[in-house]
Visitor: 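Have a look at the structure that comes next, please.
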Amino acid sequence: MYERFLAGDFTYVTVPAARQNEFRALAADGSFQYIEYPQNGYTYMGYNLADPTNPQNGLDENGQAIPQGIHPVFGDVLVRQAIAHAVDVRSIVGSPAQGDQPATGILQGNGSTLPVHNHPGLSWVDPGLEPYAFDTARAGELLDEAGWRDEDGDG
């Protein structure tokens with residue numbers, strides 16, 4: 001759709017986050033008008049916490065939850081916290097181009113980090129929550145505490 005808009009086939013398009021900076025640059029000559037607004041959506045990384053050796057539906061025929069067992073890795077909260085500290089979300093979001101500096105990250109700065117998968121404006125989301133800091137040392141400590149130790153030093 002984006003390419004077809006630029007070719008003149010469409011009069012309206014939602015621009016993917018990874019192409020918004022390019023779009024702004026193309027619009028700088030005034031050849032088309034654009035409006036920027038926050039998107040009501042998000043992308044997140046989630047982990048299936050169910051036991052992978054016993055795959056089944058999450059709900060029964062009456063809509064009641066079926067016990068899923070415990071995943072051998074993700075079932076441990078320390079491992080999940082370690083992964084949260086080990087992923088550099090800020091670098092994934094990146095930063096927009098500034099002067100001679102090109103944009104960085106998958107989203108080229110067109111996004112933000114959140115501490116939970118719910119919209120921060122919802123009443124049940126604690127406004128004081130902060131996203132996990134990118135901290136590989138802390139991730140290592142949490143993995144050690146969970147029993148995932150690098151015994152041979154190979155990382």
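In this text, all values refer to a predicted model and were calculated from it rather than measured experimentally.
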Visitor: Are the side chains of Glu145 and Val79 in contact, using a 4.5 Å heavy-atom criterion?
Guide: no
Visitor: State, to 0.1 Å, how close Pro131 and Thr113 come at their nearest heavy-atom pair, and which atoms those are.
Guide: CG-OG1, 3.6 Å
Visitor: With a 4.5 Å cut-off on side-chain heavy atoms, are Arg90 and Asp88 touching?
Guide: yes
Visitor: Membership question, hydrophobic clusters at under 4.5 Å side-chain separation (ILVMFWY): are Val15 and Ile106 in the same one?
Guide: no
Visitor: Closer than 3.5 angstrom, by distance alone: can the side chain of Asp152 be matched with the main-chain N or O of Asp154 as a donor-acceptor pair?
Guide: yes
Visitor: For Asn54, is there any backbone N or O sitting under 3.5 Å from a side-chain donor or acceptor partner on Gln68?
Guide: no
Visitor: Do Leu6 and Val13 touch side chain to side chain, with heavy atoms closer than 4.5 Å?
Guide: no
Visitor: Heavy atoms only: give me the nearest Asp51-Thr53 pair and the separation to one decimal.
Guide: OD1-OG1, 2.7 Å
Visitor: Distance check, rounded to the nearest 0.5 Å: Tyr132 atom OH versus His85 atom NE2?
Guide: 6.0 Å
Visitor: Would you say that more than 12 heavy atoms from the other residues, nucleotides or ligands in this model lie under 6.0 Å from the CG of Asn62, or not?
Guide: yes
Visitor: Taking a hydrophobic cluster as the set of Ile, Leu, Val, Met, Phe, Trp and Tyr residues connected by side-chain heavy atoms closer than 4.5 Å, whether directly or through intermediates, do Leu142 and Val73 fall within one such cluster?
Guide: no
Visitor: How far does CZ of Arg149 sit from CG of Leu143, to the nearest 0.5 angstrom?
Guide: 10.0 Å
Visitor: Check His71 against Pro52 and note the closest heavy-atom contact, atom names and distance.
Guide: CD2-CD, 3.6 Å
Visitor: Mind checking the CD-CG spacing from Gln20 to Leu107? Nearest 0.5 Å is all I need.
Guide: 8.5 Å
Visitor: Quick check on the 6.0 Å ring-centre criterion: do Phe5 and Phe32 meet it?
Guide: yes
Visitor: If you measure from CG on Leu26 to OH on Tyr34, what distance do you get to the nearest 0.5 Å?
Guide: 10.5 Å
Visitor: Below 4.5 Å, heavy atoms only, C-beta onward: do Arg19 and Glu3 meet side chain to side chain?
Guide: yes
Visitor: Do the rings of Phe23 and Tyr2 sit parallel, tilted or perpendicular, given the 30° and 60° boundaries?
Guide: tilted
Visitor: Between Tyr47 and Ile83, does a side chain to side chain contact (heavy atoms under 4.5 Å, CB included) hold up when you go through it step by step?
Guide: CA-CA 10 Å; Tyr47 308 102; Ile83 292 170; 2.8 Å; yes
Visitor: Atom CD1 of residue position Ile70 - does it have more than 12 heavy atoms of other residues, nucleotides or ligands inside 6.0 Å?
Guide: no
Visitor: Quick one: OG1 on Thr136 to CD on Glu141, what's the gap to the nearest 0.5 Å?
Guide: 10.0 Å
Visitor: Are any of the side-chain heavy atoms of Arg80 and Leu49 separated by less than 4.5 Å?
Guide: yes
Visitor: Any idea which heavy atoms bring Ala139 and Ala82 closest together, and the distance?
Guide: CB-O, 3.3 Å
Visitor: Is the side chain of Asn21 donor-acceptor paired with the backbone N or O of Gln108 at a distance under 3.5 Å, no angle test?
Guide: yes
Visitor: Any side-chain heavy atom of Leu59 within less than 4.5 Å of one from Ile66?
Guide: no
